[in-house]
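To keep things clear, I will list the structure first and then write my remarks on it.
The model shown is predicted, which means the values in this text are computed figures rather than measured ones. Chain identifiers are assigned alphabetically (A, B, ...) following the order of the sequence lines, protein sequences preceding nucleic acid strands; residue numbering begins at 1 within each chain.
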2 protein chains.
Amino acid sequence: MRQTDREIVRDLKLFKDVDADVFDDLMTASYAQRMPPHVELIREGESADFLHIVLDGCVELFSSGHGRETSMAIVTPVSTFILAATVNDAPFLMSARTIESSKLLLIPSQNVRDAFARDPHFARAIVTELAQCYRSVVKSMKNLKLRTSIERVGNYIIRLHDKAGGAEIIELPYGKKNLASILGMTPENLSRAFGALQSHGILMDGARIEITDRAALEAISKPNRLIDDPRS
Amino acid sequence: MRQTDREIVRDLKLFKDVDADVFDDLMTASYAQRMPPHVELIREGESADFLHIVLDGCVELFSSGHGRETSMAIVTPVSTFILAATVNDAPFLMSARTIESSKLLLIPSQNVRDAFARDPHFARAIVTELAQCYRSVVKSMKNLKLRTSIERVGNYIIRLHDKAGGAEIIELPYGKKNLASILGMTPENLSRAFGALQSHGILMDGARIEITDRAALEAISKPNRLIDDPRS
DNA sequence: CGGTGAATTGACACTTTTCAATGCGGGTGG
DNA sequence: CCACCCGCATTGAAAAGTGTCAATTCACCG
């Protein structure tokens with residue numbers, strides 16, 4: 001694996017405080033790998049042989065059953081996924097596939113568990129990361145159960161707007177089909193929601209969105225710190 | 001706190017392997033408390049001063065916003081809740097209230113974090129518990145996004161049936177209003193779903209359900225290990 | 001004994017999904 | 001280089017599912 005990748009991983013909250021030799025062992029055992037778009041990385045029900053880290057690109061976590069399929073989350077750099085299955089040595093609850101060409105780091109699960117036992121700092125970091133994953137799913141669930149579809153779309157745009165530092169023009173980071181599934185609706189409904197929001201402070205043009213009236217957008221979306229704030 | 005309670009807590013997976021003196025410190029700092037039904041224990045947004053453990057009774061985790069409200073989970077003995085907020089020292093994402101009269105054990109969050117740092121066994125147990133919480137929410141979310149309301153109700157009954165060891169007559173453990181909210185629907189719709197399932201292997205009588213044809217119930221519910229199995 | 005709240009049922013309205021048709025790119029292969 | 005095709009996005013119309021409102025019954029509790 002490349003030295004720059006190694007430094008990127010080292011800077012992750014999960015690895016920042018890990019002992020040098022423990023970190024070395026983890027990295028020595030790991031594989032960095034570039035994947036084309038739309039490659040299935042893992043399938044739900046299989047066992048967790050590697051902890052995955054997205055170094056570059058974009059990975060979709062999804063789940064399916066009886067002809068239906070839904071996106072559960074989108075993982076962007078630099079984050080881990082399937083940590084829970086790894087530490088508990090349990091089968092995946094979700095499948096994963098690349099959305100775009102992506103660089104991944106695979107760390108053997110056994111090494112992760114060993115490092116956990118050897119290094120209290122790593123243990124502490126894993127707990128923090130796991131707790132964040134948990135809270136993130138809880139927020140998604142509140143988003144789904146407590147909000148109408150238009151509110152979900154509106155708040156998604158607000159988050160994008162914030163992440164872009166309040167830029168007037170923002171761009172959807174991936175296709176609307178994925179986005180619709182994440183937000184718990186059909187692509188057709190997402191289209192209509194975007195349409196409806198155009199009288200409430202936004203202007204759509206394909207994947208580009210112009211924020212014309214942030215106050216109006218917030219008025220209809222009713223953002224909530226305990227759902228939308230990625231910190232907290 | 002009573003000696004029997006102490007032994008019950010000691011037998012929890014979370015505390016089974018904890019060092020004796022660490023466990024002593026935790027218990028000395030803790031409070032056991034009996035609460036009447038329908039008491040609000042914590043409110044979302046507040047900070048996590050105590051890790052909560054349900055020793056007896058039944059606690060509802062719920063969330064609200066802009067006039068809407070939804071149940072997120074029901075915690076039954078003997079389990080912890082708000083562990084993630086406790087270990088990360090973050091604000092609650094959910095509120096909690098007793099459903100019935102309940103006995104709770106409250107452990108100061110600072111003591112939990114101290115014990116985590118002192119005892120690797122406790123650290124390991126916390127990770128396992130957190131990962132289980134995470135996986136449990138993911139399953140709930142799959143249940144919501146991947147299934148129709150009738151399938152959700154059907155699978156809920158199947159789980160009850162299994163928990164009761166396959167008894168022909170089973171009983172709903174709490175009110176239908178709560179159940180409806182957990183399953184992501186209105187009480188009216190839950191009534192109709194129960195009605196619809198009566199031609200598929202069940203017979204309702206108030207809170208009592210007779211399982212007349214388990215195969216038919218499974219045929220319409222399509223149970224899935226990766227959603228319904230509490231282990232895994 | 002009256003009051004309160006849960007559960008059930010029916011009618012209705014609304015949201016969401018489904019199906020179908022169209023237009024718009026981005027690729028591939030001729 | 002262009003024609004073609006495939007998948008995505010959009011739009012409309014119909015169908016299904018779900019939520020809302022209202023009325024009734026029932027059990028429980030003060």
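- Nearest approach of A/Ile107 to A/Ser30, heavy atoms of both residues: CG1-OG, 3.4 Å.
- In this view, A/Asp11 and A/Lys16 satisfy the side-chain contact (heavy atoms from CB on, under 4.5 Å) rule, not counting sequence neighbours.
- Heavy atoms of A/Ser149 sit under 4.0 angstrom from primed sugar atoms or phosphate atoms, though from no base atom.
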Residues 46-60 of chain A side chain polar contacts: donor-acceptor under 3.5 Å, at least two apart:
| residue | atom | partner | partner atom | Å |
| --- | --- | --- | --- | --- |
| A/Asp56 | OD2 | A/Arg34 | NH2 | 3.2 |
| A/Glu60 | OE1 | A/Arg97 | NH1 | 2.7 |
| A/Glu60 | OE2 | A/Ser71 | OG | 2.3 |

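- Listed by first and then second residue, the salt bridge (charged side-chain N to carboxylate O under 4.0 Å, His left out) pairs involving residues 179-205 of chain A are A/Asp205-A/Arg208 (not counting sequence neighbours).
- Annotation for A/Glu210: atom CD counts as buried by contact number, over 12 foreign heavy atoms lying within 6.0 Å.
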### Task
Apply side chain to side chain contact (heavy atoms under 4.5 Å, CB included) to B/His200 and B/Asp213, showing your working.
CA-CA 7 Å; B/His200 296 272; B/Asp213 185 349; over 6 Å; no
Give me, pair by pair, the N or O atoms of the protein and of nucleotides 6-8 of chain D that are less than 3.5 Å apart, along with how far apart they are.
| residue | atom | partner | partner atom | Å |
| --- | --- | --- | --- | --- |
| D/dC8 | OP2 | A/Lys177 | NZ | 3.1 |

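- Within residues 188-206 of chain A, the residues having any heavy atom under 4.0 Å from DNA chain D are, by residue number, A/Glu188, A/Ser191, A/Arg192.
- For residues 133-146 of chain A, the pairs satisfying salt bridge (charged side-chain N to carboxylate O under 4.0 Å, His left out) are A/Lys142-B/Glu44, with sequence neighbours left out.
- Taking 4.0 Å as the cutoff to heavy atoms of chain A, we find the contact window on DNA chain C bounded by C/dT16 to C/dC19.
- Taking CG of A/Asn155 as the start and CG of A/Asp162 as the end, the distance is 10.0 Å to the nearest 0.5 Å.
- A sub-4.0 Å separation between OP1 or OP2 of D/dG19 and a side-chain N or O of B/Thr186 is present.
- Comparing the axis of the opening five pairs of the helix from C/dC1-D/dG30 to C/dG30-D/dC1 with that of the closing five pairs yields an angle of 40°, rounded to 10°.
- Side-chain contact check for B/Thr80 and B/Glu129: at least one donor-acceptor pair (N or O, by modelled atom type) lies under 3.5 Å.
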### Task
Apply the test salt bridge (charged side-chain N to carboxylate O under 4.0 Å, His left out) to residues A/Lys222 and A/Glu218: give CA-CA distance (whole Å), side-chain angles for both, the deciding distance (0.1 Å), then the verdict.
CA-CA 5 Å; A/Lys222 309 185 204 84; A/Glu218 290 194 4; over 6 Å; no
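- In A/Lys176, the NZ atom is crowded: over 12 heavy atoms of neighbouring residues, nucleotides or ligands sit closer than 6.0 Å.
- Between A/Leu61 and A/Ala96 the shortest heavy-atom distance is CD2-CB, 3.6 Å.
- Summarising the geometry of A/Ser63 relative to A/Leu93, their closest heavy-atom pair is OG-O, 3.8 Å, with the distance given to 0.1 Å.
- Non-hydrogen atoms lying under 4.0 Å from DNA chain C are contributed by nothing in residues 57-69 of chain B.
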### Summary
Going 5' to 3' through nucleotides 23-30 of chain D and flagging B where a protein heavy-atom sits under 4.0 Å of the base, S where only the sugar-phosphate is that close, and - otherwise, we get --------
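- Applying the side-chain contact (heavy atoms from CB on, under 4.5 Å) test to B/Ile157 and every residue at least two apart in sequence or in another chain returns B/Val153, B/Ile170, B/Phe194, B/Leu197, B/Ile202, B/Ile209, B/Ile211, B/Leu217.
- Between A/Arg152 and A/Leu144, the shortest heavy-atom contact is NH1-O, 3.6 Å.
- Within the structure, salt bridge (charged side-chain N to carboxylate O under 4.0 Å, His left out) pairs that include any residue of residues 223-232 of chain A comprise A/Arg147-A/Asp228, A/Asp229-A/Arg231 (at least two apart or interchain).
- Going from atom CE of B/Met35 over to atom CD of B/Gln33 covers 4.5 Å, rounded to the nearest 0.5 Å.
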